[in-house]
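Because only heavy atoms are used, hydrogens play no part in the values below, and waters and symmetry mates are left out as well, while side chains stay in.
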Amino acid sequence: MFALRSFPSSFLQRTPKSTSSFFRIRRFGTESSTDASKHLREEITHQGKFLKMKKIFYQFKGQEKTWEGVERTTRKGNVDAVSVVAIVTSKKGDERLVVLKQYRPPLQGYCLELPAGLVDEGETLEEAALRELLEETGLKGKECTVMPAVALDPGLSNANTAMVMMEVDYDDPENRNPKQKLQGSEDIQVKLVDLTDLFQTVHTAGQSKVTVDAKLYSLALGMSMIVEV
């Protein structure tokens, strides 16, 4: 069985025994040696405190096209935010994932998700991830592994996030009685979900009135597909 205690380092190092047994990349659609589209320019149509709407002009096969998009106004570097994959371990040998149930006004309800937040100016991604975990859960993490930034909703926005994996030692005295340091109107409940129950937990939640964030669901689905090699 996959050694979850060594997560994330061993997970990142896992490679298939042969490429024939893994995913093969194939090209679909029209074969072309060059990309058919390129960015031209953009205009801001609405400016808010945290978001701005844009009209994007791009070229497709020599013709000018337009698209509507949203962009954060808070980006300080190349990455908007961090998403934290925090595995809680203890001497008992159990491993649990830190999961949040957070009220999200755009959803008009609660969302099951990973700890996450915007990167402050001057912060490294590791520092942002550790800070967000501490603020939202009161837990102190360690041994961060930062993944490349990925797009969140590329059809709507250029917003991105970097997944940061870390361990939380539950036997550390600082983690025995964690206290959240929530800001403003943040409404966050902390859950520690056993990794063996993770997929069932998020899948069941997705069938109720609670929305499940795509990053969390993808993580749970991916971990459920890990097989012995």
Side-chain angles (χ1 to χ4, degrees), residues 4 7-8 11-12 50-51 69-75 78-88 95-120 123 125-126 128-139 141 144-168 178 180-226:
L4 290 172
F7 185 89
F11 179 77
L12 300 176
F50 296 105
L51 298 173
V70 180
E71 182 176 323
R72 289 187 180 276
T73 61
T74 52
R75 181 181 291 187
N78 296 322
V79 181
D80 287 302
V82 289
S83 299
V84 184
V85 180
I87 304 296
V88 179
E95 286 106 356
R96 294 169 291 172
L97 180 71
V98 179
V99 175
L100 306 184
K101 180 182 177 183
Q102 181 168 5
Y103 184 78
R104 293 296 191 181
L107 298 177
Q108 301 177 24
Y110 286 86
C111 182
L112 213 58
E113 57 192 68
L114 296 169
L118 300 177
V119 180
D120 288 343
E123 273 189 320
L125 299 181
E126 294 94 332
L130 290 167
R131 173 182 55 77
E132 287 292 345
L133 181 70
L134 185 63
E135 290 178 355
E136 295 184 339
T137 71
L139 294 168
C144 296
T145 301
V146 180
M147 299 289 97
V150 293
L152 289 171
D153 192 347
L156 174 68
S157 171
N158 68 345
N160 61 8
T161 188
M163 306 289 285
V164 180
M165 293 178 284
M166 68 177 69
E167 181 182 350
V168 175
Q180 295 171 289
K181 300 176 177 62
L182 301 180
Q183 301 176 353
S185 59
E186 286 183 317
D187 181 358
I188 299 175
Q189 302 169 38
V190 182
K191 301 177 181 294
L192 302 181
V193 182
D194 192 294
L195 293 181
T196 58
D197 301 325
L198 180 60
F199 179 72
Q200 186 61 36
T201 298
V202 300
H203 185 70
T204 302
Q207 297 174 333
S208 67
K209 294 182 179 180
V210 177
T211 302
V212 179
D213 179 75
K215 298 184 293 299
L216 174 59
Y217 194 93
S218 297
L219 174 67
L221 179 60
M223 295 185 73
S224 74
M225 296 171 66
I226 295 175

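Checked by atom type and distance alone, the side chain of Gln180 pairs as donor or acceptor with a backbone atom of Glu136 at under 3.5 Å. At distances below 3.5 Å, not a single donor-acceptor pair connects side-chain atoms of Gln200 with backbone N or O atoms of Asp197. Ser218 places a side-chain N or O within 3.5 Å of a backbone atom of Ala214 that can act as its donor or acceptor partner. Distance alone, capped at 3.5 Å, places no donor-acceptor pair between the Thr74 side chain and the Phe50 backbone. Side chain of Asn160 to backbone of Asn78: a donor-acceptor contact under 3.5 angstrom is found.
In this structure, OG1 on Thr73 lies 9.5 Å from CG on Asp80, to the nearest 0.5 angstrom. Distance check, rounded to the nearest 0.5 Å: CG of Leu219 to CZ of Phe199 gives 11.5 Å. The distance from the CG atom of Asn158 to the CZ atom of Arg75 is 5.0 Å, given to the nearest 0.5 Å. Atom OG of residue Ser83 and atom CE of residue Met163 lie 5.5 Å apart, to the nearest 0.5 angstrom.
Side-chain contact between Val85 and Thr145: absent, with no pair of heavy atoms (C-beta onward) separated by less than 4.5 Å. You'll find the side chain of Glu132 stays beyond 4.5 Å of the side chain of Val164, heavy atoms only. At a threshold of 4.5 Å between non-hydrogen side-chain atoms, the residues Val82 and Glu126 do not count as touching. Residues Cys111 and Gln102 form no side-chain contact, since every pair of their non-hydrogen atoms from C-beta on lies 4.5 Å or further apart. Side chains of Thr161 and Lys215 form a contact here, defined as non-hydrogen atoms less than 4.5 Å apart. Within the 4.5 Å cutoff, the side chain of Leu112 has heavy atoms near those of the Lys101 side chain. Side-chain atoms of Leu195 and Ile87, non-hydrogen and from C-beta on, do get closer than 4.5 Å to each other. With a 4.5 Å cut-off on side-chain heavy atoms, Thr137 and Leu100 count as touching.
For Arg131, the salt bridge (Lys or Arg N to Asp or Glu O under 4.0 Å) partners at least two apart in sequence or on another chain are Asp120, Glu123, Glu135. In this view, Arg72 satisfies the salt bridge (Lys or Arg N to Asp or Glu O under 4.0 Å) rule with no residue, not counting sequence neighbours.
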**Request:** Just do the side-chain contact (heavy atoms from CB on, under 4.5 Å) check on Leu152 and Ser157 with the steps written out, would you?
**Result:** CA-CA 8 Å; Leu152 289 171; Ser157 171; over 6 Å; no
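Just one residue in the list Leu114, Leu192, Val84 forms a side-chain contact (heavy atoms from CB on, under 4.5 Å) with Val98, and that residue is Leu192. Remark: of the listed residues Leu198, Val168, Asp194, Leu198 is the sole one forming a side-chain contact (heavy atoms from CB on, under 4.5 Å) with Leu97.
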Ignoring hydrogens and angles, write down the donor-acceptor pairs under 3.5 Å from the side chains of residues 205-212, residues two or more places apart or on other chains.
{"unit_1": "Gln207", "atom_1": "NE2", "unit_2": "His203", "atom_2": "NE2", "d": "3.4"}
{"unit_1": "Ser208", "atom_1": "OG", "unit_2": "Ala205", "atom_2": "O", "d": "2.6"}
{"unit_1": "Ser208", "atom_1": "OG", "unit_2": "Val210", "atom_2": "N", "d": "3.3"}

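Scanning all heavy atoms of the two residues, the minimum distance from Ala149 to Val79 falls at CB-CG2, 3.9 Å. Contact between Ala86 and Leu133 at its shortest, heavy atoms only, is CB-CD1, 4.0 Å. Smallest separation of non-hydrogen atoms from Ala162 and Leu125: CB-CD1, 3.8 Å.
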